[in-house]
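Encoded as structure tokens, the structure appears first; notes follow it.
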There are 2 protein chains.
Amino acid sequence: MARPRSFDPDDVLEIARQVFWQKGFQATSLDEITAASGVAKPSLYAAFGDKNALFLKVLDRYHDGILGWAERVLVQPGSARDAIRQWLIGFIPYCSGEKGQRGCLSVNSLTDGSLDQAAVRKSIERYNRRLEDLLRARLRADRAEFSRGFDPDITAHTIMVVHAGLMALAHQTPDSKRVKAVIDQVMQLLA
Amino acid sequence: MARPRSFDPDDVLEIARQVFWQKGFQATSLDEITAASGVAKPSLYAAFGDKNALFLKVLDRYHDGILGWAERVLVQPGSARDAIRQWLIGFIPYCSGEKGQRGCLSVNSLTDGSLDQAAVRKSIERYNRRLEDLLRARLRADRAEFSRGFDPDITAHTIMVVHAGLMALAHQTPDSKRVKAVIDQVMQLLA
DNA sequence: TTTATTCTGTACTTGATAGTATAGAATGGA
DNA sequence: TCCATTCTATACTATCAAGTACAGAATAAA
């Protein structure tokens with residue numbers, strides 16, 4: 001029995017994500033989000049809270065999206081090798097070429113010294129922990145694939161490091177072939 | 001025949017580096033650098049130019065420091081394996097524990113979307129290129145160490161990716177043992 | 001149609017910061 | 001001692017962004 005909201009919050013989060021992703025948290029003003037979304041500041045504040053809270057919602061949404069996809073890919077039947085390889089290959093469009101230039105919102109935020117808000121750190125830590133858990137679980141489950149000395153725990157972490165490195169260097173717009181070659185080489189560790 | 005400068009520019013660059021490194025470019029105000037260095041803004045502007053120029057000088061100085069060290073370590077006698085291993089091991093104090101929390105100034109700047117100033121990109125690209133060149137040159141020179149299928153070029157790039165990944169994840173203050181385990185595992189690729 | 005309620009848009013306040021004007025201080029030479 | 005020159009410190013301006021007050025618009029129920 002009141003005036004309904006004139007925008008879809010999820011649409012605005014999607015637009016805000018693009019702006020934050022492109023320019024980073026600090027450099028993004030709410031006026032830019034207003035301009036991009038057509039939603040004025042008071043409505044943004046009413047719907048999402050202040051700038052920090054809005055960013056946190058955007059980041060969580062971003063994490064959920066990637067985690068959902070990872071859960072699907074990393075649990076598929078077949079060998080652990082193939083599942084993990086496919087998972088890494090799936091990042092290539094996002095860490096090479098023009099599109100890769102923005103890198104990964106999560107890695108960008110992690111390396112942003114101005115974002116020491118505890119909540120942002122927590123969100124990223126949780127995200128990384130869950131990804132690594134998925135990798136480790138799969139490697140442990142299919143341990144029979146690998147040689148005797150194989151260590152699923154360290155390997156899971158190494159893959160996380162490689163993933164973060166690819167996303168960091170994505171800002172230099174590497175060629176997708178180059179990225180693929182790195183992934184192929186790292187996959188040698190799963191043996 | 002005029003009043004001499006009352007500060008050593010190199011000292012100020014060192015202090016500015018610490019502040020920029022801790023908080024990032026955007027979040028660092030010149031007032032903070034003034035407070036940390038004791039040098040007032042007009043003197044900073046006279047000596048270094050505006051904030052962008054100051055940051056660029058800081059970043060170049062940072063790059064030169066690491067490159068100097070890399071040149072020494074990566075050219076030392078013995079096997080390429082040992083040289084590269086030692087080089088990676090040398091980063092451990094900077095990408096683990098309390099001290100590692102700030103990460104790497106170069107990686108942090110690379111992933112900072114607000115820093116699309118061409119000059120900063122160039123500086124980082126040049127730095128990464130020179131590091132990768134050093135790695136590649138050493139791997140090529142000692143190719144005899146490795147098996148027939150070994151590819152020095154891709155391996156050099158993979159090491160750069162791992163390096164960037166370690167520096168990105170450094171912000172989560174990993175245990176140094178964990179970092180060392182990753183390095184040990186990646187060194188398996190040099191065989 | 002009226003009304004309570006919630007949303008929206010304009011315009012404002014407040015605070016922070018990049019960059020600078022200007023006056024005065026410190027130096028080496030005449 | 002005095003002066004030309006260059007540096008320094010205070011204080012200022014201008015700009016920009018976060019957050020908000022308030023008036024008016026839109027809805028559903030009565």
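Bear in mind that the values here come from a model prediction, so they are computed numbers and not experimental data. All chains are named by letter (A, B, ...) in the order of the sequence lines, taking the proteins before the strands, and each is independently numbered beginning at 1.
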Only one of B:Lys177, B:Arg81, B:Arg85 clears salt bridge (Lys or Arg N to Asp or Glu O under 4.0 Å) with B:Asp184; which? B:Arg85
Taking the minimum atom-to-atom distance to the side chain of A:Ala40, which one of D:dC7, D:dT6, C:dT10 wins? C:dT10
Using the ring of each side chain (for Trp, its six-membered ring), is A:Phe91 parallel, tilted or perpendicular to A:Trp69, with breaks at 30° and 60°? perpendicular
Would you call the rings of A:Trp87 and A:His163 parallel, tilted or perpendicular, where under 30° means parallel and over 60° means perpendicular? tilted
Its contact letters, B for base, S for sugar-phosphate only and - for none at protein heavy atoms under 4.0 Å, make nucleotides 15-24 of chain C read --SBBBB--B
Using a strict cut-off of less than 4.0 Å between a Lys/Arg side-chain nitrogen and an Asp/Glu carboxylate oxygen, indicate whether A:Arg61 and A:Asp10 qualify as a salt bridge. yes
Holding to salt bridge (Lys or Arg N to Asp or Glu O under 4.0 Å), I want the full list of residues that pass it with B:Arg129, two or more places apart in sequence or in another chain. none
Going by the rule side-chain hydrogen bond (donor to acceptor under 3.5 Å, both in side chains), which residues pair with A:Asp11 if we only count those two or more places apart in sequence or in a different chain? none
B:Arg5 atom CZ is separated from D:dT5 atom C1', nearest whole Å, by 14 Å
What residues from residues 6-24 of chain B pass a heavy-atom cutoff of under 4.0 Å to DNA chain D? B:Ser6, B:Phe7
Pairs touching residues 128-155 of chain A that satisfy ring-ring contact (aromatic ring centres under 6.0 Å, His included), sequence neighbours left out: A:Phe146-A:Phe150
Got a list of side-chain donor-acceptor pairs under 3.5 Å for residues 154-161 of chain B, not counting sequence neighbours?
{"unit_1": "B:Thr155", "atom_1": "OG1", "unit_2": "A:Gln185", "atom_2": "NE2", "d": "2.8"}
{"unit_1": "B:Thr155", "atom_1": "OG1", "unit_2": "B:Asp151", "atom_2": "O", "d": "2.7"}
{"unit_1": "B:His157", "atom_1": "ND1", "unit_2": "A:Arg178", "atom_2": "NH2", "d": "3.4"}
{"unit_1": "B:His157", "atom_1": "ND1", "unit_2": "B:Glu132", "atom_2": "OE1", "d": "3.1"}
{"unit_1": "B:His157", "atom_1": "ND1", "unit_2": "B:Glu132", "atom_2": "OE2", "d": "3.3"}
{"unit_1": "B:Thr158", "atom_1": "OG1", "unit_2": "A:Gln185", "atom_2": "OE1", "d": "2.6"}
{"unit_1": "B:Thr158", "atom_1": "OG1", "unit_2": "B:Ile154", "atom_2": "O", "d": "3.1"}

